[in-house]
Amino acid sequence: MYRIEPVRKNYAWGSTQRLQSLFHLDEPGPLAELWFSGHPESPSVLDVDGDRINLAEAIDRAPEFMLGHEVVQRWGDSLPFLFKIISAQVPLSLQVHPSLDRAREGFARESESGLDLSDPCRTFKDPVAKHEMVVALEDFSASVGFLPLRKQIAALSMVEHPLAHRMVEVLAGADKGKTGARNAVNQAFRIALGWEEDGTCREGDPSVSQAIIRASFGCDPGSPLAHAARAAEAFPADRSALAIAMMNPVELQQGGSVFIPTGIVHAYLSGTGAEIMTNSDNVLRAGLTGKYKDLPRFLENMDCRPAPPLDPSSGLIKMILQADVVTYRPTLQEFMLAYGHVDPRCQEPDHWWAVSDRLRQAQARFAQAVGPQHVLASQGGPRVIVCLEGIVRCRTNSQVLDLKQGEAAFIPASEKSVTVSGGSPAPGSYILASCAL
């Protein structure tokens, strides 16, 4: 095991001091993301016997030792996942991620044009598809994918503005069938963004935000309009806040999760969570940000099908519930997460951690209870474990390492298993990222 330092990602707008508090960081400005990363553009640093070496270089020196034979055979000499702890108080951006074909095509096109990887106008940073999943560490709000047409119409009908009226007309006039719905959503979304047929985009309009905020008075905080109003308040000149009223509102409590495949439009509004994704930094933005917006590529990549967000109860994500750990495992093999709790004071095998118990009851799933010490489900492969509270003790075949709140370790594939237990009389919690092999 090697201690690992995250890469700090600063944003002057939309961030909080929550990550500084959680990780005991001396960071004067707002901090939105901490990356535990082997991505070549932002690799984390390992402590290897007192020497500092970035994770990408360490993997390059000994790929099978660090990643394991199967991982190297499947994904080459790179960590298959990118793991982050994120925190925001306003929307980070309205965005979508590309599929594998689109990522390869876009990366090749921008590379051939000579656009540097560090250029702020660069959209495709790598040729990798980007799927991601978020597990809430505290209350977490997002807008993910598109609502059924009738609900989009209901929300937009409450906004007294010509743009909203145009969008309602388009949605209400959709031809029957899935293709008609997708086309209508696509057209209405373009209206919200100000996208014109000639490829130009209209400037922002503060009157749109004002109309959204007025319409949201008295709405449930978890409603589409309430989410749109939060975006409008944060970005008063950005008309794309109107697009949020078309989207599924997601309100997660601690331990709740949402899985976002490629093509799904989404915006993280507020909260603190663990985010894991395929090893890609490809983000196509359309609004709610001061960063570069690539509207043509965004529109090419977005999936316009109205559909509910994917959560563990949908059957498309496998969630394993145990007394002291919840394992979130999507259908792909690049990543999974385990969110766990240790309390040496409690030895009863049927004592459930509050998070796992709430999720267990909500989904009516029962798993075999385990004690406060347990071997995590993932065996072998590269792993990153972060202590979120108290002290946790990580034990492998060759080493014991105590992690305090905010400390993290990289566990190479050469360590076939890891046991996590309490490192002090007080309870602790952790989250572990790994492959899902």
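Values reported hereafter were calculated over all heavy atoms of this structure, with side chains retained and with hydrogens, waters and symmetry mates removed.
- Using a 4.5 Å heavy-atom threshold, the side chains of V326 and Y328 count as touching.
- In this model, a donor atom of one side chain and an acceptor atom of the other lie less than 3.5 Å apart for E415 and S398.
- Side chain to side chain, K84 and S37 fail the donor-acceptor criterion of an N or O pair below 3.5 Å.
- Between R52 and E5 a salt bridge is recorded (basic side-chain N to carboxylate O distance below 4.0 Å).
- P80 is not listed as a side-chain neighbour of T278, based on a closest heavy-atom distance of 4.5 Å or more.
- For the residue pair T262 and S99, no side-chain donor N or O sits within less than 3.5 Å of a side-chain acceptor on the partner.
- You'll find the side chain of L310 stays beyond 4.5 Å of the side chain of V258, heavy atoms only.
- E389 and Y430 share no side-chain donor-acceptor pair at under 3.5 Å.
- The pair R214-E160 fails the salt-bridge criterion, with no side-chain N (NZ, NE, NH1 or NH2) lying under 4.0 Å from an Asp/Glu carboxylate O.
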- request: Verify ring pair (Phe, Tyr, Trp, His ring centres under 6.0 Å) between F189 and F146, making sure each step is shown before the conclusion.
  value: CA-CA 10 Å; F189 194 85; F146 292 107; 5.6 Å; yes
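- Tested against F83 for a ring-ring contact (aromatic ring centres under 6.0 Å, His included), the candidates F335, W35, F36 yield a single pass: F36.
- Looking at S280 and N282, their side chains do bring a donor and an acceptor atom within 3.5 Å of each other.
- Of the N and O atoms on the side chains of N301 and H97, not one donor lies less than 3.5 Å from an acceptor on the other residue.
- Within the 4.5 Å cutoff, the side chain of H227 has no heavy atoms near those of the S216 side chain.
- For R104, the CZ atom is loosely surrounded, since the number of other residues' heavy atoms within 6.0 Å does not exceed 12.
- Using a 4.0 Å cut-off between charged side-chain N and carboxylate O, E251 and R230 make a salt bridge.
- Checked for salt-bridge contact, R18 and E138 meet the test: a charged N lies under 4.0 Å from a carboxylate O.
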